[in-house]
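Data first, discussion second: the structure below is written as structure tokens.
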Amino acid sequence: MGRDDTELIGRWRSGDSVAFEELVRRWQAPISRFLARQVGRTELAADLCQEVFLRVFRAGPRYRESGAFSTWLYRIAVNLARDAVRRRRDVRPLPDDLAQAAPALSPCEQRERIAAVSAALADLPANLREVLVLRHYEGMNFEQIARILDTPASTLKSRFAAALDRLRTRLAREGWGTEETES
Amino acid sequence: MNCADVRHRLAGLLYGDLPPAEAALVETHRASCPTCQKEYAALTHTRRSLDALPAPSVRVDFSRLYAEATRRQVQQVRRWRRATFALVAAAAILLLGLGLKLEIRAEAGQLTVRWGTPSATIQPEPQAPPEVANNIEKPQTPVISAEEIQRMNNLIHALAADVDSRDRRSQKEIAALQMHVDALQTRSLQRDRMMTAFYSLQFVPHDQGEKP
């Protein structure tokens, strides 16, 4: 846990609401990014992000520092994302909502590529997507991810390699492999 | 290391997750194997494709968060109160039943629930042969002592006291939340006033200026 986090948590637990708001401002960006990449819809990710911090706020007085604050936050986010995807099983979890968030001036091909990547990410099983997002986008090491997902690091390394392999195969099949784009 | 061993480690190599000695071995193989080189290039390309995905970031709405926290807190208090009342009512019914000498007796092949003072004439004891009768224990009428009734009474009082203390705690939490919401509203009003003042300074109507 960062030193500042510890200090903020201490102040928050003693009733300082400004400290809580500071914690939220510090973590809302990574948590919302993670959620958006898990559920694929910005609107749903916003609601889930709100729910994550609501749960944190409600648990505040009972929170015990048994590990990093971020680990606790990500655990809540992972569980909420899993529930959300499970509830909407009939709906494709990641349409091209993320692709629409691409820069307006990006070339058409770039937008198509983003759409292909977001769809490929959406079609990954949740356990592969979680480790891929945490390792690739959040830059966590496997020990940190193991604490969040409560899974051995060795298993996560295999899942990560499998996730990358599936993405590579899928993107190559859809014409976004190395040969097509780099020739 | 053969190709299968190396392929298994290419993702680790790409993300710098391999220990230096292992990475060196993989690199050595990769340098001399066109198939593994191609595989590594494909993974590198996949990594670049992932980087292209934008990350929409959202902001937490604090006033909505505090309002929702208050709503859930109130809901929780109501649920807890309902459950406690149900428990106290059940305990009271049980106590009343015991007070009225409710009698539940499990006998051979039947369950008897009896209310009130048992009368010896209603249920004659079945006659068993003398050698069998010696092996059967005679059912005893449960006797509830004044001490046990007092204990039940104490339990109910303790439960009621617990409900009261939880209510008080919840009310304090709700009051704190209400203060947050009020503070947010005040802050929002102040910001609105400042913005209005700012705009009125920026956009003074032309007809209010001094005439030459």
Side-chain angles (χ1 to χ4, degrees), chain A residues 15 17 20-21 24-25 28-37 42-43 45-47 49-54 57-58 61 97-99 101-103 106 110 113-114 116-118 120-121 132 135-137 141-142 157-158 160-165 167-169 171-172 176-179 181-182, chain B residues 6-19 22 37-73 75-76 169-170 172-184 187:
Chain A
S17 65
F20 170 73
E21 291 177 15
V24 173
R25 281 190 201 101
Q28 64 185 356
I31 291 292
S32 64
R33 273 200 315 261
F34 169 75
L35 286 166
R37 280 165 177 150
T42 317
E43 221 173 85
D47 286 346
C49 187
Q50 187 84 16
E51 181 66 26
V52 168
F53 288 104
L54 175 63
F57 179 74
R58 295 195 72 214
D97 188 22
L98 291 182
S106 64
Q110 177 72 353
R113 185 185 183 191
I114 290 168
V117 174
S118 65
L121 198 58
L132 183 89
R135 177 70 192 92
H136 179 86
Y137 292 108
N141 60 41
F142 287 106
K157 281 178 191 172
S158 305
F160 180 64
L164 269 185
D165 195 51
L167 281 180
R168 181 187 62 81
T169 312
L171 292 174
W176 297 102
T178 20
E179 292 81 9
T181 49
E182 289 184 354
Chain B
V6 168
R7 274 189 205 173
H8 188 63
R9 289 170 171 83
L10 283 178
L13 181 71
L14 181 64
Y15 281 80
D17 293 328
L18 294 181
E22 203 176 332
Q37 272 174 21
K38 199 176 164 191
E39 188 78 11
Y40 189 75
L43 280 181
T44 310
H45 181 73
T46 306
R47 186 180 182 175
R48 275 208 295 272
S49 299
L50 282 170
D51 285 337
L53 202 63
S57 175
V58 295
R59 298 175 80 87
V60 168
D61 180 347
F62 284 108
S63 46
R64 212 179 103 202
L65 188 146
Y66 292 136
E68 181 63 17
T70 312
R71 194 187 67 78
R72 288 194 195 179
Q73 188 67 25
Q75 215 174 30
Q76 195 183 359
R169 272 207 305 274
S170 300
K172 271 185 199 164
E173 282 174 25
I174 290 167
L177 281 169
Q178 196 58 51
M179 275 174 67
H180 286 319
V181 174
D182 291 347
L184 272 171
R187 252 189 270 164

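Chain A is the first sequence line, chain B the second, and so forth, proteins listed ahead of strands; every chain is numbered from 1.
Phe20(A) and Tyr66(B) have tilted rings, their planes meeting at an angle from 30° to 60° on a 0 to 90° scale.
Residue Leu177(B) touches chain A through its side chain alone, counting heavy-atom pairs closer than 4.5 Å. Heavy-atom distances place both the backbone and the side chain of Arg59(B) under 4.5 Å from chain A. Interface remark: Leu132(A) contributes side-chain atoms only to the contact with chain B (heavy atom separation under 4.5 Å). For Arg7(B), no part lies under 4.5 angstrom from a heavy atom of chain A. Contact of Phe34(A) with chain B is not made at all, since no heavy-atom distance falls under 4.5 Å.
When all heavy atoms are compared, the tightest approach of Gln50(A) to Leu65(B) is NE2-N, 3.4 Å. Contact detail for Leu121(A) and Leu50(B): the closest heavy-atom pair is CD1-CD2, 4.4 Å. Pairing each heavy atom of Ala42(B) with each of Arg168(A), the nearest pair is CB-CD, 3.4 Å. Shown here for His180(B) and Ser17(A), the closest heavy-atom pair between the two residues is CE1-CB, 2.8 Å. His136(A) and Asp51(B) get closest at one heavy-atom pair: NE2-OD1, 2.8 Å.
By the ring pair (Phe, Tyr, Trp, His ring centres under 6.0 Å) test, Phe53(A) is found to be paired with no residue, residues two or more places apart in sequence or in another chain being considered.
Taking 4.5 Å as the limit, some side-chain heavy atom of Arg72(B) sits within range of a side-chain heavy atom of Leu54(A). Phe57(A) has its side chain out of reach of Glu68(B): every pair of non-hydrogen atoms, C-beta onward, lies at least 4.5 Å apart.
Heavy-atom pairs under 4.5 Å with chain A were tallied for Gly12(B), Ala176(B), Ala11(B), Ser49(B); the largest tally goes to Ser49(B).
With Arg135(A) contributing its side chain and Tyr15(B) its backbone, the two residues share a donor-acceptor pair below 3.5 Å.
Put simply, NE2 on His8(B) and CG on Asp165(A) are 11.5 Å apart, with the number rounded to the nearest 0.5 Å. Interatomic distance, CG of Leu184(B) versus CD of Glu21(A), reported as 6.0 Å (0.5 Å rounding).
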